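Just so you know, these numbers use all the heavy atoms, side chains as well, and skip hydrogens, waters and symmetry mates. Predicted model, so just to flag it, every value in this text is computed and none were measured. Along the sequence shown, residues are numbered consecutively beginning with 1.
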Amino acid sequence: MAEKNTSLSLTQELAQLDERLVALLMTRTNLLSRAAASRRSKNLGITDPNQEKVLWQVWRDTSKTDNLEPQILKKIFHLSNNLSYARVERNSSNEKPLCLFPRRKPVDIDLDAPQDQILRSMMFFLGATNSAPLTIAPFQGNDISLELINALNLCGFSLSFQNRQCETQPVPSWSMDNKIIYAGQSKFHFYLLLCLALGQVTRAKFTGSTKLKIHDVRPVQDLLPQLGARLTIVEPHSYGLPVRVESSGQLPESIDIPKGVSKKFVLALVVAATTFKAGLSIRLHESFSSSKLLRKGIGFLQQHLPELQFEGTNIIVPPAPVSLDISTVDIPVDPLMSLHLLVLPFFTDGKVVLHGKWPEYVPHLHDIMDILHEFGLRISVGGGKITSVMGKRPQKIAIDITSCQEYLPLVLAMSMGLRGQCAITLDTTREDVDYAQDLLENLGAGYAIEPGFLQLGMPGAKKVNESAWQSPGPYWTLAGALIS
């Protein structure tokens with residue numbers, strides 16, 4: 001009798017090995033998280049350099065026999081450590097999932113709209129470097145804002161906050177030289193502080209949270225010599241923070257920004273260039289021409305600094321000092337975050353009123369507003385407030401979110417609230433479509449997907465997955481909350 005062939009293919013062997021690898025990685029993450037949480041409870045840093053040295057030595061010694069590439073291996077080591085550090089930083093655990101228990105009665109919401117974080121940070125910077133006092137009100141404090149305020153104050157600026165407003169005062173001088181500056185968790189803040197250092201002779205060290213430790217700064221590192229500066233990555237075989245920056249203060253009249261450089265760096269450079277004595281002319285690669293971030297941020301800058309020019313791919317920042325002709329400023333609302341509140345009447349009926357300055361320059365904002373109108377929402381803007389109520393609910397709709405796909409989590413949640421089908425035209429090559437499929441599979445929803453098209457409300461729904469859904473980001477978490 002012939003023996004049964006039990007040999008596995010290479011793919012099957014790899015799959016089994018990966019299953020064990022992920023299980024070990026989960027165990028390692030839990031152990032390292034416990035150590036990091038213990039240090040944090042004692043008001044110590046969540047990382048332990050001595051512990052990391054011991055563990056890295058194990059990785060290095062064990063890998064010698066197979067001659068693995070040390071740079072790549074060191075990056076994997078840091079990434080595996082950051083799984084634990086990131087968990088501790090956000091005070092969460094896979095053993096304690098967020099459980100959602102939605103209310104089932106009509107909403108009655110009346111509050112201040114959440115402000116745009118990027119624009120708020122820009123105004124903190126402009127106020128700090130301005131020659132006259134500035135009041136930013138209302139001030140919506142959060143960890144990210146406080147990290148920037150603390151970093152600017154460390155450099156010698158004067159920012160304070162109380163009674164729901166932030167005040168900046170002019171200072172005779174400031175310096176980043178020989179400072180260790182904590183940029184926190186925001187890439188934009190890191191780049192903003194980095195670019196601020198370019199205008200003076202400076203030697204500074206920048207540190208940051210886990211997110212910045214795994215952020216690849218090499219494209220900016222390659223560009224900085226053209227701006228009279230040098231960036232050195234401190235950790236061997238790492239591409240992120242901490243970094244040391246040495247700047248000569250000798251800036252060119254103009255610079256070309258190549259493809260692949262972070263859009264947040266470009267915006268930060270434009271904002272920081274308002275402190276450069278000779279200003280700066282920036283020529284962008286054509287790939288930046290469709291950047292929503294740059295159009296939003298520079299459009300906001302031009303409202304307060306009309307002499308700043310932005311045409312096509314050319315930006316001209318006037319010489320310092322630039323002066324803001326205002327004493328108080330109200331930061332525009334964040335439409336992406338605000339609309340997650342404004343859509344609540346679609347799910348529960350009722351009314352939502354948000355107070356704030358609705359932005360006028362956000363690219364393609366009218367597209368998502370038109371889409372929400374098709375869902376039956378009636379949103380009105382005026383008099384310093386935004387009001388939302390529900391009109392007639394459609395049975396089924398077909399929409400195109402190609403121009404505003406950052407709203408996919410919100411649109412997906414609303415599509416799940418329809419009784420009929422929803423056909424969505426979108427770019428299916430983007431990573432967020434994978435996140436959408438993951439959520440739909442977890443919910444057991446019936447759907448069909450093909451290049452450029454997602455159909456929801458299809459028959460053949462599956463059983464809801466009982467395991468906790470791992471949200472890939474905050475807006476997906478909000479979408480999950482709305483669906484629930």
Taking the side chain as everything from C-beta on, heavy atoms only, tell me whether [X] gets closer than 4.5 Å to [Y].
X	Y	value
Thr168	Asn130	no
Met123	Leu324	yes
Asp110	Lys385	no
Lys187	Ser262	no
Met176	Gln200	no
Trp174	Asn153	no
Val245	Phe206	yes
Phe125	Leu193	no

Is a side-chain N or O of [X] found less than 3.5 angstrom from the main chain of [Y], in a donor-acceptor match?
X	Y	value
Gln115	Pro138	yes
Asn150	Leu146	yes
Asp177	Arg203	yes
Glu147	Gln185	yes
Ser248	Gln250	yes
Lys179	Leu154	yes

Q.
Taking CZ in Arg34 as the centre, count heavy atoms belonging to other residues, nucleotides or ligands within less than 6.0 Å. Is the count above 12?
A.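 No, the 6.0 Å shell around CZ holds no more than 12 heavy atoms from other groups.
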Q. Just wondering, more than 12 heavy atoms not from Leu31 lying within 6.0 Å of its CG?
A. yes
Q: Might you work through the side-chain contact (heavy atoms from CB on, under 4.5 Å) test for Leu294 and Leu284, ending with a clear yes or no?
A: CA-CA 11 Å; Leu294 292 181; Leu284 303 173; 4.0 Å; yes
Could you grab the distance from atom [atom1] of [X] to atom [atom2] of [Y], nearest 0.5 Å is fine?
X	Y	atom1	atom2	result
Thr429	Asp434	OG1	CG	9.5 Å
Ile315	Leu308	CD1	CG	7.5 Å
Ile136	Glu167	CD1	CD	10.0 Å
Arg230	Ser247	CZ	OG	11.5 Å
Leu212	Asp216	CG	CG	12.5 Å
Gln117	Asn142	CD	CG	4.5 Å

Kindly assign one of parallel, tilted or perpendicular to the pair [X] and [Y], based on the angle between their ring planes and the thresholds 30° and 60°.
X	Y	result
His304	Phe300	perpendicular
Tyr475	His340	tilted
Phe77	Trp59	perpendicular

Q. Will you find, in the side chains of Gln309 and Glu311, an N or O donor that is under 3.5 Å from an N or O acceptor?
A. no
Q. If you measure only the distance, is there a donor-acceptor pair under 3.5 Å linking the side chains of Asp256 and His285?
A.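 Note: Asp256 and His285 side chains miss the donor-acceptor criterion.
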Q.
Using every non-hydrogen atom in the two residues, find where Lys277 and Pro319 come nearest and quote the distance to one decimal.
A. O-CB, 3.2 Å
Q | Stepwise side chain to side chain donor-acceptor pair (under 3.5 Å) check, Gln140 with Asp112 | A | CA-CA 9 Å; Gln140 297 177 352; Asp112 288 339; 5.1 Å; no
Q. Under the criterion side chain to side chain contact (heavy atoms under 4.5 Å, CB included), which of Val217, Leu223, Val270 is the partner of Phe265?
A.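 Passing option: Leu223.
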(Q) Do the side chains of Lys213 and Glu235 get close enough for a salt bridge, i.e. N-O under 4.0 angstrom? (A)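 Between Glu235 and Lys213 there is no salt bridge, as every charged N stays at least 4.0 Å from the carboxylate O atoms.
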